[in-house]
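Presented below is the structure to which this report refers.
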Amino acid sequence: MPYSDTTKEAIANAPDGIGKELGQWSLTRDISVLRIAKASGATRQTVYNWFTGGEVANAYKQRVEELIEILKDTSQTDDAWRKICQKFNLMF
């Protein structure tokens with residue numbers, strides 16, 4: 001499901017940080033908040049909070065960094081999701 005204009009604007013206006021970066025790459029690769037939540041182990045609300053400038057707790061930082069790297073290194077949505085599933089042992 002595409003991101004709403006409100007969410008896109010909130011990400012664009014968020015302070016710089018790892019959460020905003022994850023949000024920007026999720027938008028670019030069209031990976032849903034639900035999928036990011038599933039891969040990170042966080043709730044959808046927590047992911048939205050990260051995207052808009054909320055702090056990423058230490059318990060999630062490594063996974064978030066790994067997600068960002070995968071999203072950066074792939075150019076297609078399906079490829080990105082496949083790599084995320086492989087990395088975090090999720091069903092594709």
Side-chain angles (χ1 to χ4, degrees):
M1 174 190 253
Y3 285 91
S4 70
D5 290 338
T6 303
T7 300
K8 291 176 186 177
E9 187 175 321
I11 293 169
N13 293 328
D16 289 342
I18 190 173
K20 178 179 181 171
E21 185 176 8
L22 179 61
Q24 291 170 323
W25 281 109
S26 296
L27 283 173
T28 300
R29 297 291 176 255
D30 196 28
I31 301 292
S32 71
V33 167
L34 180 61
R35 285 182 166 184
I36 296 297
K38 187 174 182 179
S40 67
T43 66
R44 287 179 299 144
Q45 184 60 54
T46 297
V47 173
Y48 278 116
N49 289 343
W50 294 342
F51 285 6
T52 58
E55 183 178 346
V56 177
N58 286 336
Y60 297 104
K61 278 189 181 172
Q62 182 176 348
R63 277 191 172 232
V64 168
E65 290 169 350
E66 291 171 341
L67 284 166
I68 291 168
E69 287 306 310
I70 291 169
L71 295 172
K72 280 182 179 180
D73 291 344
T74 55
S75 60
Q76 301 293 321
T77 299
D78 288 342
D79 290 339
W81 183 238
R82 187 176 300 107
K83 288 180 181 183
I84 289 168
C85 288
Q86 289 172 343
K87 176 71 176 177
F88 299 111
N89 297 314
L90 303 172
M91 298 297 290
F92 183 71

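These numbers were taken from a predicted model, which means no experiment stands behind them.
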Side-chain donor-acceptor pairs of residues 78-88 under 3.5 Å, sequence neighbours excluded:
unit_1: D79; atom_1: OD1; unit_2: R82; atom_2: NH1; d: 2.9

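- E69 CD: more than 12 foreign heavy atoms inside a 6.0 Å radius.
- One distance of note links OG1 of T7 with OH of Y48; it measures 5.0 Å at 0.5 Å rounding.
- Without hydrogens or angle criteria, K20 side chain to W50 main chain gives no donor-acceptor distance under 3.5 Å.
- Taking every heavy atom of both residues into account, G53 and A14 meet most closely at N-CB, 3.9 Å.
- Under the 4.5 Å side-chain criterion, counting only non-hydrogen atoms from C-beta, I31 is not in contact with W25.
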Side-chain donor-acceptor pairs of residues 35-47 under 3.5 Å, sequence neighbours excluded:
unit_1: S40; atom_1: OG; unit_2: I36; atom_2: O; d: 2.9
unit_1: S40; atom_1: OG; unit_2: A37; atom_2: O; d: 3.3
unit_1: S40; atom_1: OG; unit_2: A42; atom_2: N; d: 3.2
unit_1: T43; atom_1: OG1; unit_2: T46; atom_2: N; d: 3.0
unit_1: T43; atom_1: OG1; unit_2: T46; atom_2: OG1; d: 2.9
unit_1: Q45; atom_1: NE2; unit_2: N49; atom_2: OD1; d: 3.1

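- Residue Y60 is not grouped with residue L34 when hydrophobic side chains (ILVMFWY) are merged at heavy-atom distances under 4.5 angstrom, including chains of intermediate members.
- For the residue pair I11 and L27, the shortest heavy atom distance occurs at CD1-CD1, 3.7 Å.
- Taking all atoms of both residues into account, the shortest heavy-atom contact from L71 to R29 is O-NE, 2.8 Å.
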